[in-house]
Amino acid sequence: MFPEYINQLFYIVGEAVVLLAALVLILSIIVSMLVLYSFKTGNFFAARYMLLGIILLENVITSLFWIFRAEDCIVDDVGVRLRNYINNKKFLKVPYSMRFIFMPQCVRSTECPAKLTPDGIKCVNCGRCGVGEAKKYAEGLGYHFFIVPGSSFNKRIIKKYQPRAIVGVGCHMEIKEGLDLCHSYGIPARGVLLLKAGCVATTLDWEQFHETITEIE
Ligand code: SF4
């Protein structure tokens with residue numbers, strides 16, 4: 001038998017754990033509903049708090065989506081759109097010539113003839129994939145366009161050239177990491193999600209990409 005004060009301590013700790021679990025669940029339900037609302041309407045309510053909620057409660061929220069048979073990729077999708085929305089004002093103020101684009105190398109054709117250089121893979125616009133035309137269009141606006149060969153590339157290029165704004169293309173994980181990296185450097189960034197992720201021959205909504213890079217204040 002434990003002394004009475006130990007029993008009371010266990011009781012208080014137990015109650016605190018139950019209360020905390022209930023609080024986490026309630027907050028997760030609220031954030032999940034906000035995520036669904038944002039996904040359906042494209043509007044964001046209390047954007048910064050919602051993003052904080054998604055970051056802190058991501059595992060519980062995705063479990064709730066799984067339990068209620070909703071697609072959990074909605075959480076990632078809204079997370080990226082939220083970050084874009086929060087960065088929007090600052091991003092739009094930056095002229096095209098000071099913006100960079102990071103395109104993942106997996107979007108290229110599997111028969112891509114481009115060579116690797118210190119500034120990434122140099123597209124020669126051979127016409128085998130959409131990257132060549134996208135690069136031509138973006139550079140025509142004034143953008144600096146990079147095809148990313150590996151994970152440490154973005155950080156190296158940011159340090160080397162110090163862009164004022166960035167558009168990054170990638171899967172959910174790459175976009176999340178990329179936007180966090182840009183945030184740590186104080187660079188407003190936008191993420192464009194791949195339509196089909198993977199290691200090779202991934203696909204992108206080129207129309208959405210063009211709209212994303214063309215916007216300016
Ligand atoms: S258009 Fe550019 S990126 Fe695409 S396959 Fe040709 S050289 Fe490679």
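One-based numbering, in listed order, for ligands and for the atoms of each.
Heavy-atom proximity to C112, at under 4.0 Å, picks out these atoms of ligand 1: 3 (S), 5 (S), 7 (S), 8 (Fe). Of all the atoms in ligand 1, the ones that sit under 4.0 Å from a non-hydrogen atom of C129 are 1 (S), 3 (S), 4 (Fe), 5 (S). Annotation for ligand 1: atoms under 4.0 Å from non-hydrogen atoms of R128 are 5 (S). Each of the following atoms of ligand 1 lies closer than 4.0 Å to a heavy atom of G132: 1 (S).
Of all heavy-atom pairs spanning F91 and T212, the tightest one is CE2-O, 4.3 Å.
Within a 6.0 Å radius of NZ in K90, no more than 12 heavy atoms belonging to other residues, nucleotides or ligands are found. Within a 6.0 Å sphere centred on NZ of K122, other residues, nucleotides and ligands contribute more than 12 heavy atoms.
Of all protein heavy atoms, the one closest to atom 7 (S) of ligand 1 is V124 N, 3.4 Å. Here the heavy atom of the protein found nearest to atom 2 (Fe) of ligand 1 is C123 SG, 2.3 Å. Atom 6 (Fe) of ligand 1 has its closest protein heavy atom at C126 SG, 2.2 Å. Of the protein's heavy atoms, R108 CG, 3.5 Å lies nearest to atom 3 (S) of ligand 1.
Checked by atom type and distance alone, the side chain of D77 never pairs as donor or acceptor with a backbone atom of C73 at under 3.5 Å.
The aromatic rings of F102 and F146 sit tilted, their planes meeting at an angle between 30° and 60°.
Using modelled atom types and a 3.5 Å distance limit, the side chains of Y96 and T214 yield no donor-acceptor pair.
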